Participant: 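The structure is given below, and queries will be raised subsequently.
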Amino acid sequence: MSFASKLIDWYSEYGRDLPWRNTHNPYIIWLSEIILQQTRVEQGMPYFYRFLEHYPTVTKFAEAPEEDILRLWQGLGYYSRARNMHKAAKRVQDDFAGYFPTSYADVITLPGVGEYTAAAIASFSVNEPKAVVDGNVYRVLSRYFGIAEAINSTNGKKQFAALAQELLDKDRPGIYNQAIMDFGAIQCKPKNPYCETCIFRLDCVAYALDRVAELPIKLKGKKSKNRYFHYFIVREQGKMLMAKREEGDVWANLYEFPSIETAQEVAVDQLQDQPEFQHYFENGLMLTPVGSVVKHVLSHQNIHARFYVVESAADIKTTKNNWDYFLLEKIDKLAKHKLIFSFLERNEYLTNPDF
DNA sequence: AAACCGGGGAT
DNA sequence: ATCCCAGGTTT
């Protein structure tokens with residue numbers, strides 16, 4: 001029996017019953033695939049239901065304000081996915097008359113859709129024979145064939161893509177693609193895979209050579225950098241000062257408290273000596289630290305955040321910045337990043353008008 | 001080719 | 001502390 005047939009048989013017995021698998025609707029499949037990029041199924045699941053409920057069609061998605069979409073996305077990370085989804089939905093509305101495309105060639109032209117997602121949508125919706133190559137596929141193939149080529153090198157990616165396409169079951173591409181990903185997620189896991197009960201136990205090169213734990217091989221990336229953020233909580237007449245982040249850095253377009261960044265850790269009593277601080281604030285503000293340093297770890301940077309309550313709001317140069325006062329109820333509606341809304345959740349008194 | 005872009009869970 | 005998750009875009 002072929003590699004593909006064994007995999008599909010395994011899938012029919014052990015595969016997961018996931019909500020986006022009970023449809024051929026390319027819009028619903030697209031929704032699930034974008035959400036699941038670099039995201040665990042369990043983490044993405046509630047967001048999938050949330051988006052489908054708010055936007056049952058791509059037309060509804062296209063008509064929504066970006067603010068609403070970002071707010072629904074709040075906490076999921078990689079926020080460019082949400083911004084790209086909105087652009088993609090508008091393109092479907094304009095260039096495809098509101099009918100979500102299903103061909104690989106059409107779908108890959110949409111922002112936020114790369115080779116993996118285009119193959120997933122085309123194969124799941126209309127069985128176009130395009131092999132998906134995601135983290136699961138790299139792992140299964142590198143182990144089964146004993147391929148030591150790095151999965152994040154240009155050469156390695158090309159090799160694995162060609163091999164995946166060759167192995168694809170051309171008569172059942174949709175089910176095959178789901179099968180190999182589920183197999184990687186459930187059986188051929190990154191750590192402690194279930195080799196003893198594996199259907200490929202006798203064929204797997206890595207298992208025969210006792211090299212399962214070493215594969216796949218991945219080149220190490222750059223180390224994370226440390227950044228030091230100082231957030232200022234400014235309340236004035238039932239409103240709070242908020243700032244929208246610019247593009248070109250983390251958390252683009254998301255709201256947070258006004259802040260400055262310093263190159264190093266700075267003591268509270270020296271903060272007002274920083275040039276950045278003096279650029280935005282008058283000297284002599286009364287700063288009351290709230291809590292201690294919050295470490296927020298991202299994939300490529302460690303953020304050390306401090307929060308200060310500013311007692312006298314009058315002297316702040318808000319007109320020179322993109323800072324605005326928002327009613328406390330309105331702040332709840334703003335799309336914020338995790339560091340900010342988890343702070344607000346921990347300090348509900350800050351948003352309580354009765355405070 | 002390498003850097004950038006989040007947040008969370010498993011080990 | 002490290003890895004990795006149904007990756008994609010920009011430089």
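Lettering follows sequence order; numbering is per chain, from 1. Keep in mind that what you see is a predicted model, and the values were worked out from it rather than measured.
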Participant: Just checking A:E265: does its CD atom have more than 12 heavy atoms from other residues, nucleotides or ligands closer to it than 6.0 angstrom?
Facilitator: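 Enclosed.
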
Participant: Tell me what A:E42 touches on the nucleic acid: a base, only sugar-phosphate, or nothing, going by heavy atoms under 4.0 Å.
Facilitator: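 Answer is nothing: A:E42 stays at 4.0 Å or more from every strand.
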
Participant: With heavy atoms under 4.0 Å as the rule, sort A:K225 into base, sugar-phosphate or nothing.
Facilitator: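 A:K225: no heavy atom of the nucleic acid under 4.0 Å.
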
Participant: Side chain of A:L18, heavy atoms from C-beta onward: which of B:dG6, C:dA6, C:dG8 has the nearest atom to it?
Facilitator: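 For A:L18, the side-chain atoms sit closest to C:dA6.
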
Participant: If you count the non-hydrogen atoms of other residues, nucleotides and ligands that lie under 6.0 Å from CD in A:E115, is the total more than 12?
Facilitator: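 Result for CD/A:E115: open.
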
Participant: When you measure from the side chain of A:K338, which nucleotide among B:dT11, B:dG7, C:dA6 comes out closest?
Facilitator: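 The answer is B:dG7.
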
Participant: Where the side chain of A:R139 meets the backbone of A:C188, is there a donor-acceptor pair that is under 3.5 Å apart?
Facilitator: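 Checked: pair present.
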
Participant: Which listed nucleotide (B:dG7, C:dA6, B:dC4) is nearest to the side chain of A:H300?
Facilitator: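 Taking heavy atoms from C-beta onward, the closest nucleotide is B:dC4.
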
Participant: Both A:G75 and A:L219 contact DNA chain B. Which one's nearest nucleotide lies toward the 5' end?
Facilitator: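 Here A:L219 is the residue nearer the 5' end.
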
Participant: Check A:R306 against A:G291 and note the closest heavy-atom contact, atom names and distance.
Facilitator: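 Between these two residues, the closest heavy atoms are NH2-O, 2.9 Å.
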
Participant: For DNA chain C, find the residues of residues 118-135 of chain A with a heavy-atom distance under 4.0 Å and give them by number; none if there aren't any.
Facilitator: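 Heavy-atom contacts with DNA chain C come from A:D134, A:G135.
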
Participant: Short of 4.0 Å, heavy atom to strand atom, which residues of residues 19-28 of chain A count as contacting DNA chain C?
Facilitator: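 Within this stretch, A:W20, A:R21 sit under 4.0 Å of the strand.
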
Participant: Mind checking A:T117 for me? I need base, sugar-phosphate or nothing, with any heavy atom below 4.0 Å counting as a touch.
Facilitator: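 Sugar-phosphate: the residue A:T117, judged by heavy atoms under 4.0 Å, touches backbone atoms but no base.
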
Participant: Is A:R50 close enough and on-axis enough to A:Y47, meaning under 6.0 Å and within 45°, for cation-pi?
Facilitator: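 Yes, a cation-pi geometry.
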
Participant: Given A:F232 and A:F257, is the ring pair (Phe, Tyr, Trp, His ring centres under 6.0 Å) satisfied, shown in steps?
Facilitator: CA-CA 6 Å; A:F232 303 103; A:F257 307 133; over 10 Å; no

Participant: Just to confirm, is there a sub-4.0 Å distance from OP1 or OP2 of C:dA6 to any side-chain nitrogen or oxygen of A:W30?
Facilitator: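 No.
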
Participant: When all nucleic acid strands are considered with a 4.0 Å heavy-atom cut-off, which category describes A:S80: base, sugar-phosphate, or nothing?
Facilitator: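 The residue A:S80 makes no contact with any strand.
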
Participant: How would you label the contact of A:D249 with the nucleic acid (heavy atoms, under 4.0 Å): base, sugar-phosphate, or nothing?
Facilitator: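 Sugar-phosphate contact only.
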
Participant: Sort out for me which residue in A:D169, A:I8, A:L141, A:D203 forms a side-chain contact (heavy atoms from CB on, under 4.5 Å) with A:F3.
Facilitator: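 It is A:L141; the other options fail the test.
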
Participant: What interatomic distance, in whole Å, is found between P of B:dT11 and the corresponding atom of C:dA6?
Facilitator: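 It works out to 14 Å between them.
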
Participant: Within the supplied structure, the quantity of interest is the number of heavy atoms (other residues, nucleotides, ligands) at a distance under 6.0 Å from A:K6 NZ; does it exceed 12?
Facilitator: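 Yes.
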
Participant: Checking all strands, does A:L76 fall into the base, sugar-phosphate, or nothing category for heavy-atom contacts under 4.0 angstrom?
Facilitator: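 Since a base atom lies under 4.0 Å of A:L76, the category is base.
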
Participant: What nucleotide, of B:dG7, B:dG8, B:dC5, holds the atom closest to the side chain of A:L298?
Facilitator: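 Among B:dG7, B:dG8, B:dC5, the one nearest the side chain of A:L298 is B:dG7.
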
Participant: Kindly point out which of B:dG7, B:dG6, C:dG7 is positioned nearest to the side chain of A:Y116?
Facilitator: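 The nucleotide sitting nearest to the side chain is C:dG7.
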
Participant: So if I take residues 44-58 of chain A and measure heavy-atom distances to DNA chain C, which residues fall below 4.0 Å?
Facilitator: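 Within this stretch, nothing sits under 4.0 Å of the strand.
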
Participant: Looking at every strand, decide which applies to A:I303 at a 4.0 Å heavy-atom threshold: base, sugar-phosphate, or nothing.
Facilitator: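 Answer is nothing: A:I303 stays at 4.0 Å or more from every strand.
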
Participant: Can you label the angle between the A:Y255 ring and the A:F326 ring as parallel, tilted or perpendicular, going by 30° and 60°?
Facilitator: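 Rings of A:Y255 and A:F326: perpendicular, as their planes differ by over 60°.
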
Participant: Between A:Y104 and A:K130, is there a cation-pi geometry (under 6.0 Å to ring centre, at most 45° from the normal)?
Facilitator: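 Here A:K130 passes the 6.0 Å and 45° test against A:Y104.
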
Participant: Choose from B:dG8, C:dG7, C:dA6 the nucleotide whose nearest atom is closest to any side-chain atom of A:Y78.
Facilitator: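 Output: C:dG7.
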
